[in-house]
Every structure is written in C-alpha cells, then in structure tokens.
Amino acid sequence: MYAFKINGGKKLFGTVEIKGAKNAVLPIMAAALLTDQPVILNNVSPLSDVCVMTQLLKSFGATVQEQDDTLTIAANAVNNTIAIYDFVSKMRASFWVLGPLLARFGHATVSLPGGCTIGARPVDIYLKALEEMGAHIKIENGYVVAHGPLHAADIFFRRVSVGATHNTLMAAVLTPGTTVIHNAAMEPEVLDLIEALKKMGANIHWKEPKVLSVTGVSRLGGVTHTVVSDRIETASFIVAAAVTKGRLFLKGGRLDLIEAITDVIKKSGIVFTPHADGFDVDATNATLTAVPVTTSEYPGFPTDAQALITTLFSIAAGESITTENLFENRLMHIPELQRMGAHIQILNNQSVLIKGVSHLSGTTVMASDLRGGVALVLAALAARGETIVKRIYHIDRGYYRLEEKLKAVGADIERIKTPV
Ligand code: EPZ
C-alpha cells in the first residue's frame, strides 16, 4: 500500500500540465469496439482506470498499444463479448462496453457493477433504454446477458445519466433508423465522445438541449482524436493554488468547461487570466470566502468537484452549505477533514454546513474514494504540519503521479510505502 506524506504550508508556483479527461477517454476507449479500424487517442494519461479499460478491451481480443500519451486501439479481431466481474467491479465505466458490443456483435454478457462507495449507482436507465431498442435482456448469475437485434427508439431517461447517455449513444450509432434520447447528459465528456463518434462516421446531432438524435450507419471507421482536457484535474489544481495562496499556469486547462466552479470562487478574489494554451490562476491576494454550493448536472456545479470545494471553504471566511444532489453517499471525506480541524457539520446524508477555520492541522487520514481522496491531499497542502493520506490507490485512478505534479510546483509531498 502507498500513502502520501505531505508537509503543508508551501505556496505553489509554476506550471502544471492538464491532460485528457479520465471520464472522456474511458467511453471513447469503449467506442473503439464499434469499429474494426484503429482508434488513436492522444493526450491520454496512463491512469490506473485507463489500464483497467485496456485490460478489459484486451480480454475481448482487441489490441491496445501505448506510446507516450497516445493509445492505439484495434478491435478488428474481437473473439469474446463477455466482460467479467473482475473488471466491472474494479471500475464501473467497464459496464459501458455493453452498448457497443451489443450494437456491433449482436450479443454481450457484462457483469453488473454492484454498488460503490459513493452510492448505489443502479443501471436501470441503461437497461430500459436497450430494451426499448429491442434488446432481449436477462440477468443471470450477476451478469447482464443481452441479445439483439436492435432497432431505433424514442427513449426518455427518468433522470440525467452520463453513463447511460454514453451507452445508449454507442448502441444507437450502429442501429438502423433514428433513435432519439430525451433527457441526455450534456457533460463535456459526452460531447467529446460525440465528437469522436462523428469523426468515425456516426450521424448524431442535438435536436435541442438534452435531446440527442442518432441515425444509425452500417459501419464506422477509425479515428484520431485528442481527448478533451480534464476539467476536474483542472479544478483540483485551482483549489491547490487557492488553499496555498499560490499562482499556477494550468497548461491545457479550459476555463470554458469550469464556469460553475470559477463562479463560486470568484468572490474569493482569485484571478483567472486566459492564454492561448491554458490559463493562470492567481490566489496570491485572495481572501477565501465561502458561498453555498449545490451539485447538479452540467452546466451546474459538478459533483466531482464537491469534495474539492469543501476543502477550500473549510478554511474560508464565513459559513456555507454544500449540498450533494447526484450521489447519496459522497461525503466520506468529511469525517477526515473534521479530524484535520475543519468545522463541518453533517446536516443530513447530502448536506453539510461548513464554518471556516483559520487553519487545518496535519494528521493521518484515509482516502475512501477518488475525489474525496484528492480533497484530503488539498487539505494537507494547506494544513500546518505533516499529513499522511492513506489508500491513495483511489487517487491514482484519476490523477497520474499527482505527487510529481505537485512537487514540481513547490509542494512538499512524497509517496511512501505503508504496511496497511
Ligand atoms: C459519471 O458517472 C462519472 N464517471 C462520475 O465521475 C461522475 O460523478 C458522474 O458521471 C456524474 O457526473 C465517469 O465518467 C467514469 P451518472 P456515472 O450515471 O455515469 C443515477 C469520478 O470521480 N443513475 O450520471 O456512473 C446514479 O446512481 C466519477 O470521476 C441511476 O439511478 O454517473 C447517480 O445517482 C465518480 N440509474 C445519478 O444517476 C442509472 O441507470 C448520476 O449518475 C444510471 C444512473
């Protein structure tokens, strides 16, 4: 097991390179199953979740080659359409192979993902959509066993789901006729998948916001695609600059994707200066000020930044209530922040009242999910003294060598081995 050992209080200055979004690269890797031609993805970090998806694609008979930040996937010799529990339980995005496998090969058997630390996360919306497209679906021994053929359908999602949008889109692009998805997700990562699919020859357009129209084509070709910048990695480094009163140039960062985040921290006097290839975030004269935050679908405040902003507001002036609306169990970082001296009261399963304190203190804490884990690292960067953040395998899922990026801009952080 590894942990981060962090000595807080160092101001961060310098350049951080923001890479392609984990949550965009994973669905596009799954989309590579839709074609027998090569799919070449640039700007990819070798995150541990990307490695899981690579192994999963290889288990189907696809080849995946990595060179620098480029992934080349060829699914021309797929000889298996079963996604086993080991992959899907490790990473929920593995479930997204269901749509493309079913659309291209007419059958797929994919393990049900089960719950996860941030919530129950059912897959009913995915399955209902595929059934409405004519799929015969049985649940057997913990697996979804699905058979085609698929036909076009008018589909209404009962709530917005990023993953169900990815999955239904990938099923519809090779399905004859025009499928319409109502209440579709509009996250930048969904837009990136659509851009890649269109370059592969898919016929997709927005009829209106949240309504996607997909007219199936008989085959898709290959693509070379640069994965969209990671807005949550960007937000993480903004908070890192803010809590240390530093100044960072986020190369490759996109301000246009994070307006909901910059809106809630502008009051703190943090200055953003756009450049052609990224932007500066300057918190050297900031007075951190808390405001209420409620998570919602894009373009609202992202659930993936909720824990990050909680850390920021735990040392800001004033009181604020943060409400998590997307997942029912995404407050696991709060007790650990409390142990570092944060005054945060859990009001109910979804809301917390944060009363800013003058400083946090280092101690040993434990990550229990990806973003909650990063929130603890950010707290440690600001805290007085030494913090050990344990179970950082959660963080490695979505941040490649976070400690090296932080160290390069002045943080005192190292990865250490721990017995448990
Ligand atoms: C994606 O998860 C992201 N994961 C999550 O990021 C992100 O938090 C989430 O979208 C919301 O933005 C990836 O892209 C790999 P959803 P996803 O389906 O698609 C409920 C991170 O930290 N729901 O939009 O699984 C669900 O339980 C991760 O990088 C159903 O009820 O999220 C949740 O409450 C964590 N039935 C809500 O919808 C369904 O069939 C939104 O989930 C599907 C979803």
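One finds no salt bridge joining R397 and D369 here, because no Lys/Arg side-chain nitrogen approaches an Asp/Glu carboxylate oxygen to under 4.0 Å. Ion pair R415/E403 flagged as a salt bridge, since at least one NZ, NE, NH1 or NH2 atom sits closer than 4.0 Å to an Asp/Glu carboxylate oxygen. Salt-bridge annotation for R219 and D36: present, with a side-chain N of the basic residue lying under 4.0 Å from a carboxylate O of the acidic one. Checked for salt-bridge contact, K210 and E297 miss the test: no charged N lies under 4.0 Å from a carboxylate O.
Separation of atoms CG (L378) and CG (L312) is listed at 9.0 Å; rounding is to 0.5 Å. Once rounded to the nearest 0.5 Å, the distance linking CD of Q350 with OG1 of T295 reads 8.0 Å. The CE atom of M340 lies 8.5 Å from the OG atom of S314; values are rounded to the nearest 0.5 Å. Annotation: the span from D192 atom CG to E189 atom CD amounts to 8.0 Å, rounded to 0.5 Å. Expressed to the nearest 0.5 Å, how far CD1 of I181 lies from NZ of K207 amounts to 12.0 Å. With values rounded to the nearest 0.5 angstrom, M29 atom CE is found 3.5 Å from T54 atom OG1.
The two residues A185 and T165 make their nearest non-hydrogen contact at N-OG1, 3.0 Å. When all heavy atoms are compared, the tightest approach of L98 to A146 is CD1-CB, 4.1 Å. The two atoms that bring L288 and I270 nearest to each other are CD2-CD1, 4.2 Å, heavy atoms only. Across every non-hydrogen atom of F313 and V291, the tightest pair is CE1-O, 3.2 Å. Taking every heavy atom of both residues into account, A108 and L101 meet most closely at CB-CB, 3.7 Å. Taking every heavy atom of both residues into account, P299 and A260 meet most closely at O-CB, 3.5 Å.
Other residues, nucleotides and ligands contribute over 12 non-hydrogen atoms within 6.0 Å of the CD atom of E140. Shown here is N79, whose CG atom has more than 12 heavy atoms of other residues, nucleotides or ligands within 6.0 Å. Y298 OH: more than 12 foreign heavy atoms inside a 6.0 Å radius. Within a 6.0 Å sphere centred on CZ of R339, other residues, nucleotides and ligands contribute more than 12 heavy atoms. No more than 12 heavy atoms of other residues, nucleotides or ligands lie within 6.0 Å of OH in Y2, so this atom counts as exposed by the packing criterion. More than 12 non-hydrogen atoms from other residues, nucleotides or ligands lie less than 6.0 angstrom from NZ of K199.
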### Message
Would L353 and E319 count as a side-chain contact (heavy atoms from CB on, under 4.5 Å) here? Give the steps.
### Response
CA-CA 7 Å; L353 170 65; E319 290 187 8; 3.9 Å; yes
Apply side-chain contact (heavy atoms from CB on, under 4.5 Å) to I18 and R254, showing your working.
CA-CA 9 Å; I18 305 296; R254 295 237 331 240; over 6 Å; no
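Across D69, D68, D230, a single residue satisfies salt bridge (charged side-chain N to carboxylate O under 4.0 Å, His left out) together with K19, and that is D69. Applying salt bridge (charged side-chain N to carboxylate O under 4.0 Å, His left out) to E414 and the options K5, K407, R401 leaves one that passes, K5.
Looking only at distances, no side-chain donor or acceptor of N183 sits under 3.5 Å from a matching main-chain atom of F156. Under the 3.5 Å distance criterion, the side-chain polar atoms of Y85 are left unmatched by any main-chain donor or acceptor of Y143. The main-chain N or O of R92 is never found under 3.5 Å from a side-chain atom of R121 such that the two would form a donor-acceptor pair. Looking only at distances, a side-chain donor or acceptor of Q338 sits under 3.5 Å from a matching main-chain atom of I344. Without hydrogens or angle criteria, E328 side chain to A120 main chain gives a donor-acceptor distance under 3.5 Å.
Counting heavy atoms from C-beta on, the side chains of L257 and V228 come closer than 4.5 Å. Within the 4.5 Å cutoff, no side-chain heavy atoms of K128 are placed close to those of F157.
A donor-acceptor pair shorter than 3.5 Å can be found between the side chains of Q306 and H333. Between the side chains of N42 and T70, at least one donor-acceptor pair of N or O atoms lies under 3.5 Å.
Taking the six-membered ring where the residue is Trp, H107 and H147 present tilted rings, their angle falling between 30° and 60°.
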